[in-house]
There are 2 protein chains.
Amino acid sequence: MKTLIIYAHPEPRSLTGSLKDLAVSTLQDAGHDVQVSDLYAMNWKSAVDAADFGPDTDSPLRIIRASGRAFDTGTLTPDVRAEQEKLLWADMIIFQFPLWWYTMPAILKGWVDRVFSFHFGYGVGPHNDVQYGERFGEGTLAGRRAMLAVTAGGPESHYSERGINGPIDDLLFPIQHGILYYPGLEVLPPFVLYGTDRMTDEQYPDAAKAWTHRLLTLDSTAPIAFRRQNFGDYEIPSLQLKDGLEPTGRTGFGLHVN
Amino acid sequence: MKTLIIYAHPEPRSLTGSLKDLAVSTLQDAGHDVQVSDLYAMNWKSAVDAADFGPDTDSPLRIIRASGRAFDTGTLTPDVRAEQEKLLWADMIIFQFPLWWYTMPAILKGWVDRVFSFHFGYGVGPHNDVQYGERFGEGTLAGRRAMLAVTAGGPESHYSERGINGPIDDLLFPIQHGILYYPGLEVLPPFVLYGTDRMTDEQYPDAAKAWTHRLLTLDSTAPIAFRRQNFGDYEIPSLQLKDGLEPTGRTGFGLHVN
């Protein structure tokens, strides 16, 4: 297995940093190849702007057009091209980060905004009567798998079905479905550690054991069964779920899991 | 009314830029005071790191502790302190941005990550038998209102109850509830423009008219009725919604709207 870890924390000695180190050693000891994109160490540029698209960028900047043209001509900046190449090298991508304000840190969102360019992350495949582009189950990254590995400050009850933060599956849906599944990645259930704001050193071994177990069972872990866009479940082009396909009582994001 | 507009787009001549300009002129013409934080023009720093917390920051960096100490001693960086002061000046805060990958651009997430420091955005108020901090209806920004003004590339049907992206209210819940309501802001229903990837110049006047109408009716617009944390709807400290409070058939994020 070739694993790419996208890691976003400013402190190497943090819990997130320790879990990243553990992932690298565990996977390597099991005979897998591992690359790490350490976004803070790379001083990753977060903001999409005209400088991303080379000297021929139009003014005013039209991002989709500029992004697609730079991708097509190989003139995206070297940092972005390197990340795209790592993604195409990998067959497993792990995103390791703390939940900050219920989503990813800005530096990681900046990785998504810049690396998932037009014609790479989106704008792939034709639109016609039977498909609306290649996305949600098809796309550049189809055949690869991804997983979120996140730490959450609050206790698990706050992220449960009736918890005040909302269910963790729903909080992560815009990432897991909207960012990862969109360009074709199969998404494994997330590894979530709760209560990390008050976690003690004595609790770390249990967390490490749980994470190691997930890492060593990636091959046998079934992905979340998100519905594919172009295979009969949705009307085209409205992309509404066809009547009668939902399990009884299921609403919201849960409609899009089979 | 004193309105702060947090604006995140790299191109001033973009649709988002035009709508921001329209908001400024419309509100000023109606006699309101307006300030704009133009994050791209400010070259806003997105990444939380040790440099945010002054020269006395501990190593290894512990973000919550460092953030709270720097806030308490007035040693957060000047850019962050200026934004906190603008928030305390305003009684209405508008966030104007394009939806990129179903959430805010990285530069705006970096504004949240850095400006909503410990003891300002979170970590406010005591934890005891009857409250779990001052948040979700209480907090530093209580008594102020906020609204998202976003552009979405795809058509509205994709963001509807059965649409493949998920309902727009659920996509925005982590922002509206988790980021805005958390420190006490009352959140007005969002202004969302759909189909902006294919919007023509001829369609702009209708969009401008709709936005102007929202801007001129802010005072009479009722906020989303998110449930307050410490006023009897939730068990403390599990923060689970008490049995029997949910409208029939409501699940997921919708449980937390009264």
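Every chain is numbered from 1, with letters handed out A, B, ... down the list of sequences. Worth knowing before you read on, the calculation uses all heavy atoms, side chains too, and leaves out hydrogens, waters and symmetry mates. Being a predicted model, the structure only gives us computed values, none of them experimental.
When each of Phe173(B), Tyr122(B), Phe226(B) is scored by its heavy-atom pairs under 4.5 Å with chain A, the top score falls to Tyr122(B). Between chain A and the residues Ile107(B), Asp113(B), Val112(B), Thr103(B), the most heavy-atom pairs under 4.5 angstrom are made by Asp113(B). For the set Ala8(A), Gly121(A), Ala50(A), Gly254(A), the entry with the most heavy-atom pairs within less than 4.5 Å of chain B is Gly121(A). No other option in Val48(A), Asn43(A), Leu39(A) has as many heavy-atom pairs under 4.5 Å with chain B as Val48(A).
For the pair Lys109(A) (side chain) and Trp100(B) (backbone), a donor-acceptor distance under 3.5 Å is present. Not one N or O on the side chain of Tyr40(A) forms a donor-acceptor pair closer than 3.5 Å with the backbone of Ala47(B). Counting only distance, with no hydrogens or angles, the side chain of His177(B) and the backbone of Gly166(A) share no donor-acceptor pair below 3.5 Å.
Interface residues of residues 9-19 of chain B toward chain A, defined by a heavy-atom distance below 4.5 Å and sorted by number: His9(B), Pro10(B), Glu11(B), Arg13(B). Proximity to chain A at a heavy-atom threshold of 4.5 Å picks out His127(B), Tyr132(B), Arg135(B) from residues 127-135 of chain B, in numerical order.
Heavy atoms closer than 4.5 Å to chain A are found in both the backbone and the side chain of His158(B). Neither the backbone nor the side chain of Glu235(B) comes within contact range of chain A, judged by heavy atoms closer than 4.5 Å. Contact of Ile63(B) with chain A is made through the side chain alone, with heavy-atom distances under 4.5 Å. Neither the backbone nor the side chain of Pro98(B) comes within contact range of chain A, judged by heavy atoms closer than 4.5 Å. Looking at Asp52(B), neither its backbone nor its side chain comes within 4.5 Å of chain A, counting heavy atoms on both sides. Both the backbone and the side chain of Ile179(A) come within contact range of chain B, judged by heavy atoms closer than 4.5 Å. Residue Lys242(B) touches chain A through its backbone alone, counting heavy-atom pairs closer than 4.5 Å. Using a 4.5 Å cut-off between heavy atoms, Pro155(B) touches chain A through its side chain atoms alone.
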Going through the checks in order, is the side-chain contact (heavy atoms from CB on, under 4.5 Å) test met by Phe253(A) and Leu171(B)? CA-CA 9 Å; Phe253(A) 292 151; Leu171(B) 288 169; 3.9 Å; yes
Assess whether side-chain contact (heavy atoms from CB on, under 4.5 Å) is satisfied between Asn165(A) and Phe136(B), documenting all intermediate values. CA-CA 10 Å; Asn165(A) 296 333; Phe136(B) 293 119; 3.7 Å; yes
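Side-chain contact between Asp170(B) and Asp170(A) is absent, with no heavy-atom pair separated by less than 4.5 Å. Looking at Ile164(A) and Leu241(B), their side chains never come closer than 4.5 Å, going by heavy atoms from C-beta outward.
When each of Leu239(B), Leu255(B), Thr251(B) is tested with Arg162(A) by the rule side chain to side chain contact (heavy atoms under 4.5 Å, CB included), just one qualifies, namely Leu255(B).
Taking both residues in full, the closest heavy atoms of Ser157(B) and Ser238(A) are given as OG-O, 2.9 Å, listed atom of the first, atom of the second, then distance. Contact record, Ser46(A) with Ala106(B): O-CB, 3.5 Å, taken as the closest heavy-atom pair.
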